[in-house]
Structure formats: structure tokens, C-alpha cells
Amino acid sequence: MLDLAFDTPKPKVISGAKHDWELVIGLEVHAQVASKAKLFSGASTRFGAEPNSNVAFVDAGMPGMLPVINEGCVALAVKTGLGLNAQINLKSAFDRKNYFYPDLPQGYQISQLYHPIVGEGEVLVEMGPGIARLVRIERIHLEQDAGKSIHDMDPDMSFVDLNRTGVALMEIVSRPDIRGPEEAAAFVVKLRQILRYLGTCDGNMQNGNMRADVNVSVCRPGDYERYQESQDFAHLGTRCEIKNMNSMRFIQQAIDVEARRQIAILEDGGSILQETRLYDPDKGETRSMRSKEEAHDYRYFPCPDLLPLEIEQGFVDDIAASLPELPDAKKARFVTEFGMTEYDASVLTADVDNAAYFEQVAKGHDGKLAANWVINELFGRLKKDDLSIGESPVSPEQLGGIVGLIASGDISGKIAKDLFEIVYTTGGDPAEIVEKRGMKQVTDTGEIEAAVDRIIAENPAQVEKAKQNPKLAGWFVGQVMKATGGKANPAVVNQMVSAKLEL
Ligand code: ADP
Ligand code: MG
């Protein structure tokens, strides 16, 4: 169990025409395993390949072909389980889930209904400073993805692309512990963050590498607490499942719309039909897709082509020993090691690549200053050009160089911004640029003193004012900075102006 020094957030309450209602949400997240080969074949999983070019005979459902389990996918599923503090099942098994669909040539999907590889785990979802929801994970199972039917390429025909067929997915199923739209989105964000840290799924929702089925029900205040005490689902309302959501915004909208639909029905004396629905973002409504199917509808049975999957404790232990530092731990370490705020630590650890970049910048430099420059200057600049951290024209070494020059007093903060822009657009070694372009901060007190003396002599009226109101000394500092082209050391200027004005 995680150490919980958090308050739990309040559930989302929606006021109907008659009563208040609370939301109850459980998510089934499909995460594509970050494997180069499919779950039961050696075909490539590369995104964007020529249609039907990544298809082995077994993926195409050719008669007599046998699936062979990909050990790499098993290892990544175990790693994911360990990253979610979950129980790893040394024995699991694959089942056939039978259904007909043109993009499913086998006529069944191989999945793990009865004996999943990963059991109970948990995800801590922070909703604000000191406020977090602990969402229980029920299970993670490995399964095959289906192919893709394409209906919009020809007016008379549909096409099928089997490149995705047989790609390994992890279905990560939460308990109904999520209590509002924002929490649901935050849960997916946190899950994606952890998977990206682990390197078990790239979390790319645009490419469909991560998508969620969202289960929503509503209940009256007090009912959820009764469910918590007894774990008896009878205290909860009937749920509907909204399929295949692939954006945080749509997840939130769909939950809100669906909850309101259910409330209206219930307050009207009706009852909720358990079914699978689709969210239509254009119309802002959910529509019925099919009534809820049961396990027997799919005629699940153990896949006769595959032996039960047995893994050894040593296999699990090796993976456990290789787990990277995870987001919560990294965030806490950034706060203590670099003395940065919780907020800055959250920003820097939100993405594993950002965190790694920052740590390289901070190597041998002031961590707080480095954090400041990464967050305010670099992230801002990259965002303007719509670049990812991996595409940054400024390397961590270069940014570290700039931070080092500021810390040593070689350049002022203002000049550093100019320097950053030069490095960003034209590259080069920051120290060399400063040297060549004469950007060094003037700490030579003689030169600064001359400027201070001159400006004081030229502005007797300002001197009088400043003596009455010492705050006005800032004007002199500004003038000296201007006179020295922004290169004077502000601390030295400040000190000297105060001394000369006898403030
Ligand atoms: P099924 O096998 O029919 O899909 P599961 O037990 O696997 O049913 O549940 C699927 C998802 O629905 C899980 O994420 C679970 O947390 C969620 N869920 C179950 N009951 C409710 C409920 N009353 N309200 C909201 N979500 C629920
Ligand atoms: Mg399910």
C-alpha cells in the first residue's frame, strides 16, 4: 500500500430536478504494449506502415497457423503490474473470445478473462495540493487488438487493414472508485504517465495506442459509502459503458452528458438499461450501440492453441529490480534534492522525457535556477514552435552552460535571455558566444562606479527625490543598467547606488 497523507476529493454532485446525485466511474484502459512485434507473431507493430504489410499468417487467421507467445510482451505486462503496485499472477491463461467482425480474421480474439496475468493494484491520482484519490486496479490482462475497417475510402466498398490485428494490448481495469469527470481524466493522465515512465506503452492517444472505455453510473449521496463498506454492487446504480474514448476532453464531456441522461431517466421514474454506448462529440450526446453483452455471449473458452502461461518468481524479481524511478518518487526527490516547489516538480516530472532533460541541465548546476530556465524559458519557447522536448534545438548541455554562466555572475539574467535566443536559433557553445560577442556582465566596480557617478551628477532633482523616498533609487539602478547595455551586475549596481546616495 502507498503511504497516504492525502485528503480524498469530494465526489462530483449533480443536482437533478428532484435530488442530488453522485457519480461513480470505472475505467477499462486499453494500452498498446510497447513491443516491436505482435503478441503471438513476429510481425511488426510499426505505426503508419503500408496497409496489410505487417501481417503474419497467424494474424490473418490462416488455417493451421499456431500462435507463439511473445516473451517480451509478457515482461512488459509484468513490469506494468509492478509499476502499479499490483499482484503478479505466476499462472495465467488465455481464452478465446468469439465474435464475427470483418477485421477479425480468426473469428475470435485471444484474451485473458478468467486468469489475468496481473491482479489487484492501485494508482494514486492527485487532484490538488494534499488531495488525492486512490483508485484501485482490479486486473490487467493481455489480449490481441483487432484490425481496422475503413469505410470512407470508396463509396461502394469497405476496406480492411490487418496491420493492427494481433498487436498486444494490456487492458487495465479500475474499480469503480473514480468520482467525477475531472478525476477520470486525471486517472488516465496518471496512468499514461506511469506507463511512459515504465516504457511499457507510449501512451499516444492520437494513434489509438491508449484508449478508454468509461463506465458511468449515478447514485444518491450515502450509497457509495454503503458500497465501500460492503463491496456490494447492489448499492450502486446500473452502469453504462461508453466505448473507445481517446481524448481527456471527450472523456470528461461524455461522463457529464451520460450522468445527466441517467439522472433525467431516473427522476422520471424510469430505469437504466445496462448497455454499451458511443459518445458523439458533435451532438454532445451518447447513443446506444448495443445492449450489454455477457461472457456467455462470446462463448469464452480456454484457447486450445496455447498452454497456460507460467512464469517464475525469478523472472518477476529481475523485472522488479530493473524498475525505473516512478513519477511520485521522482517528484518527491526533485523537491528535496533541488529545493524546488511541489508545483515545479509536478511540471518537470509530468513527462519522463522532460524530467530526464531537466536532470541533465541540473547536473553540476543550481537546480532551482535550472528548473526555472527549463520551465519558463525552454518550455515556453518550445510550445511557441510546437516542438517536443526531443526536438529541442537547445541541448541540456547548452542550457546547463547558460545556467552556469548566470550562476557564476558572468552574465545577467537579462543577457541570458538574449543568449538563450541565440543558442536556440543558431546553436553554439554558450560560453564561447558570450566571449565572442562581449556579453559578459560588468563586475568591474571601476566601470560601474563611473556610470553611477555620472548619472547622479546629471540628475540632481532625482537625487533629492530619492533621498526623501529611498524606493526611487531603483530609477538610478535602471539608468546604470541601460548605460552599461544591461551588462552591469545588478547586485553591485544596487549596492553602489545606495552607498553613493547615502540611503
Ligand atoms: P464487465 O466484465 O461486464 O465489463 P466488469 O466487472 O469488468 O464488468 O466492470 C467493468 C468496469 O465497470 C470496471 O472498470 C468497473 O469498475 C466498472 N463498474 C462496475 N460497476 C460499476 C458501476 N455501478 N458504476 C460505474 N462503474 C462500474
Ligand atoms: Mg469488462
Side-chain angles (χ1 to χ4, degrees), residues 26-33 38-41 43 55-70 73-74 77 89 91-120 137-149 151 158 160-176 208 211-215 233 238-244 272-278 287-310:
L27 261 57
E28 297 165 87
V29 176
H30 299 264
Q32 179 173 327
V33 177
K38 295 184 179 180
L39 183 54
F40 298 115
S41 84
V55 189
F57 287 129
V58 68
D59 304 323
M62 292 294 165
M65 294 298 121
L66 291 172
V68 178
I69 186 86
N70 177 341
C73 292
V74 174
N89 295 325
K91 282 187 185 172
S92 63
F94 290 98
D95 305 296
R96 284 188 183 178
K97 178 181 184 181
N98 300 278
Y99 61 96
F100 173 79
Y101 214 75
D103 59 24
L104 189 75
Q106 291 175 142
Y108 54 82
Q109 178 189 24
I110 302 178
S111 182
Q112 297 190 304
L113 178 68
Y114 301 108
H115 304 287
I117 184 159
V118 178
E120 299 199 352
I137 298 297
E138 183 184 319
R139 56 192 264 142
I140 303 175
H141 60 257
L142 272 170
E143 63 182 27
Q144 300 177 297
D145 203 352
K148 204 167 116 191
S149 297
H151 305 294
S158 283
V160 171
D161 178 6
L162 297 183
N163 281 350
R164 255 204 133 89
T165 311
V167 166
L169 300 179
M170 294 179 279
E171 181 170 330
I172 305 169
V173 183
S174 90
R175 298 272 183 200
R211 44 196 201 262
D213 300 342
V214 182
N215 295 271
F233 283 90
T238 302
R239 73 182 187 273
C240 285
E241 178 186 32
I242 311 160
K243 272 270 175 218
N244 263 329
I272 305 301
L273 199 65
Q274 190 177 332
E275 61 185 1
T276 301
R277 299 179 70 84
L278 282 180
R287 272 197 303 275
S288 177
M289 187 179 158
R290 54 173 188 248
S291 67
K292 178 72 194 170
E293 67 289 342
E294 306 283 342
H296 59 77
D297 294 328
Y298 288 113
R299 204 167 51 88
Y300 272 100
F301 61 85
C303 183
D305 288 341
L306 288 159
L307 289 168
L309 179 61
E310 287 191 28

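The distance from atom CG of L169 to atom CZ of R164, rounded to the nearest 0.5 Å, is 7.5 Å. If you take CG on N215 and NZ on K243, they are separated by 8.5 Å, rounding to the nearest 0.5 Å. In this structure, F40 CZ and D59 CG are separated by 10.5 Å, a value rounded to the nearest 0.5 Å. Taking CG from D305 and CD1 from I69, the interatomic distance works out to 12.5 Å, rounded to the nearest 0.5 Å. Interatomic distance, SG of C73 versus CD of Q32, reported as 9.5 Å (0.5 Å rounding). With rounding to the nearest 0.5 Å, the separation of CD in Q112 from CD in E143 is 9.0 Å.
Between D103 and K148, no side-chain nitrogen of the basic residue sits less than 4.0 Å from a carboxylate oxygen of the acidic one, so the salt-bridge criterion is not met.
Environment of CZ in F301: crowded, with over 12 heavy atoms of neighbouring residues, nucleotides or ligands closer than 6.0 Å. In F57, the CZ atom is not crowded: 12 or fewer heavy atoms of neighbouring residues, nucleotides or ligands sit closer than 6.0 Å.
Side-chain N or O atoms of T238 include none that pairs as donor or acceptor with a backbone N or O of Q274 at under 3.5 Å. A donor-acceptor distance shorter than 3.5 angstrom exists from the side chain of N98 to the backbone of R299, with no hydrogens or angles considered. With hydrogens and angles disregarded, no donor-acceptor distance shorter than 3.5 Å links the side chain of Q144 to the backbone of Q109.
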**Request:** Take N163 and V55, measure what side chain to side chain contact (heavy atoms under 4.5 Å, CB included) needs, and give me the verdict at the end.
**Result:** CA-CA 6 Å; N163 281 350; V55 189; 3.9 Å; yes
**Request:** Report the C-alpha distance between C240 and I272 in whole Å, list the side-chain angles of each, state the deciding distance to 0.1 Å, and finish with yes or no for side chain to side chain contact (heavy atoms under 4.5 Å, CB included).
**Result:** CA-CA 8 Å; C240 285; I272 305 301; 3.8 Å; yes
**Request:** Starting from the C-alpha separation in whole Å, work towards a yes-or-no answer on salt bridge (charged side-chain N to carboxylate O under 4.0 Å, His left out) for R211 and D145.
**Result:** CA-CA 12 Å; R211 44 196 201 262; D145 203 352; 3.1 Å; yes
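Q106 and R96 are not linked by any side-chain donor-acceptor pair at a separation below 3.5 angstrom, with hydrogens and angles left out of the test. No side-chain N or O of H115 forms a donor-acceptor pair with one of D95 less than 3.5 Å apart.
Closest approach of P105 to T165, counting heavy atoms only: CD-CG2, 4.0 Å. What you find for E275 and R290 is that their closest heavy atoms are CB-O, 3.4 Å. Of all heavy-atom pairs between I140 and M170, the closest is CG2-CB, 3.9 Å. The shortest heavy-atom contact between S158 and H151 is OG-ND1, 2.7 Å. The shortest heavy-atom contact between Y99 and L104 is O-CD2, 3.4 Å. The two residues P116 and N89 come nearest to each other via the heavy atoms O-ND2, 2.8 Å.
The shortest side-chain heavy-atom distance between P67 and L306 falls under the 4.5 Å cut-off. Residues I117 and H141 have side chains not in contact (no heavy-atom distance under 4.5 Å, counting atoms from C-beta outward). Considering only heavy atoms from C-beta on, H30 comes within 4.5 Å of E171 through its side chain. Looking at heavy atoms from C-beta onward, P176 lies in side-chain contact with F233 at the 4.5 angstrom threshold. Between I172 and V118 the shortest side-chain heavy-atom distance does not fall below 4.5 Å.
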